[in-house]
Amino acid sequence: MTVPSCLAPAPAPTNETELFYRASALAGFNLAELAQGAGWVLPANLKRDKGWIGVLLERYLGASAGSKPVQDFADIGVELKTIPVDRNGWPLETTFVCVAPLTGNSGVTWETSHVRYKLARVLWIPVEGERGMPLAERRVGSPLLWSPDAEEEAQLRQDWEELMDLIVLGQVEHITARHGEVLQLRPKAANGRALTAAVGEQGQPILTLPRGFYLKKAFTGHLLARHFMVQS
DNA sequence: GACTGATCATAT
DNA sequence: ATATGATCAGTC
């Protein structure tokens, strides 16, 4: 295997097949090799570069850069998610989906939600992520193109509706990460001083920590396991 | 050792 | 401040 080169960001893929083919070609390489191919310097660790792997793979795969609230491959309707896994292919972290809207939610529905939009089609790329393993040695795994099946969508919908109900009813500050079976709501902020508008218990405007929707590990673990036939 | 709450970098 | 990319780390 010759080490891939990506000295300039790849062009956007034209279709899913092309995207999947590109992602498959990265499987087996470690992060030192992929960083070199991109002309990037490997950080010592991810403490101050938490999104580094995701951005590196975006470059190789031709994801549209930027901070727009759209899928990574909007033209073909695919979202890219790198997911850190242990030696058995089991997730080491929850998966961030999107920021949760805390105001202006009257009349919102699952069908038009950002969670459903982002998760409609996902290219999962597992990456070895055990903290004791040097970044340079961590290998990229085989990709998986996934859409939620009927049961998964029903679970996501139920959790989303329950969490959104609580947000609309002014209970956001009483929601913990324990709510939801597969989808949870947790802080998503630069730090504890970052505040955003929300609805209080009496319906009044309040300021609270920004929140995000995250997929719990059991959910992503099972969808990966179902495909790769590893233990679950 | 797992999990929840907290946090880091960057672009707009 | 809010969006993107996520992982860290204290506490249970």
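Throughout, a chain's letter reflects where its sequence line sits, starting with A, and its residues are numbered from 1.
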- Heavy-atom distance under 4.5 Å between the side chains of A:L163 and A:I175, does that happen here?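 A:L163 vs A:I175: side chains touch.
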
Nearest to the side chain of [X], which nucleotide is it out of [options]?
{"X": "A:R48", "options": "B:dA9, B:dT7, C:dC8", "answer": "B:dA9"}
{"X": "A:N191", "options": "C:dA6, B:dT7, C:dC8", "answer": "B:dT7"}
{"X": "A:A177", "options": "B:dG5, C:dA6, C:dT7", "answer": "B:dG5"}
{"X": "A:D72", "options": "C:dT7, C:dG5, B:dT7", "answer": "C:dG5"}
{"X": "A:P69", "options": "C:dG5, C:dA3, B:dG5", "answer": "C:dA3"}
{"X": "A:K50", "options": "C:dA1, B:dG5, B:dA6", "answer": "B:dA6"}
{"X": "A:A189", "options": "B:dT7, C:dC8, B:dT4", "answer": "B:dT7"}
{"X": "A:R193", "options": "B:dT7, C:dA6, B:dT4", "answer": "B:dT7"}
{"X": "A:Y214", "options": "C:dC8, B:dT7, B:dT4", "answer": "B:dT7"}

- Query: Do you know which two heavy atoms are closest between A:V78 and A:V122, and how far apart they sit?
  - Reply: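 Distance-wise, the nearest heavy atoms are CG1-C, 4.4 Å.
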
- Please tell me which of A:L209 and A:R131 maps to the more 5' nucleotide of DNA chain B, matching each residue to the nucleotide holding its nearest heavy atom.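 On the 5' side of the pair lies A:R131.
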
- Could you check A:D49 against A:Q184 and say which one's nearest nucleotide on DNA chain B is further toward the 5' end?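 First, find each residue's nearest nucleotide; the 5'-ward one identifies A:Q184.
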
- Message: Just by distance, no angles: are the side chains of A:E79 and A:W124 close enough, under 3.5 Å, to form a donor-acceptor pair?
- Response: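 No pair is found: no donor N or O on one side chain lies under 3.5 Å from an acceptor on the other.
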
- Using only side-chain N and O atoms of A:T82, determine if any of them is under 4.0 Å from OP1 or OP2 of C:dG5.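 A:T82 to C:dG5 OP1/OP2: no side-chain N or O under 4.0 Å.
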
- Kindly say if A:T94 contacts the phosphate of B:dC3, meaning a side-chain N or O under 4.0 Å from OP1 or OP2.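 It does not, given that no N or O in the side chain of A:T94 lies less than 4.0 Å from OP1 or OP2 of B:dC3.
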
- Going by the side chain to side chain donor-acceptor pair (under 3.5 Å) test, name the single residue among A:E153, A:E161, A:Q155 that passes it with A:R157.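 Only match with A:R157 under side chain to side chain donor-acceptor pair (under 3.5 Å): A:E161.
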
- Is any N or O donor-acceptor pair between the side chain of A:K188 and the base of C:dT4 shorter than 3.5 Å?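 Checked by distance alone, the answer is yes.
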
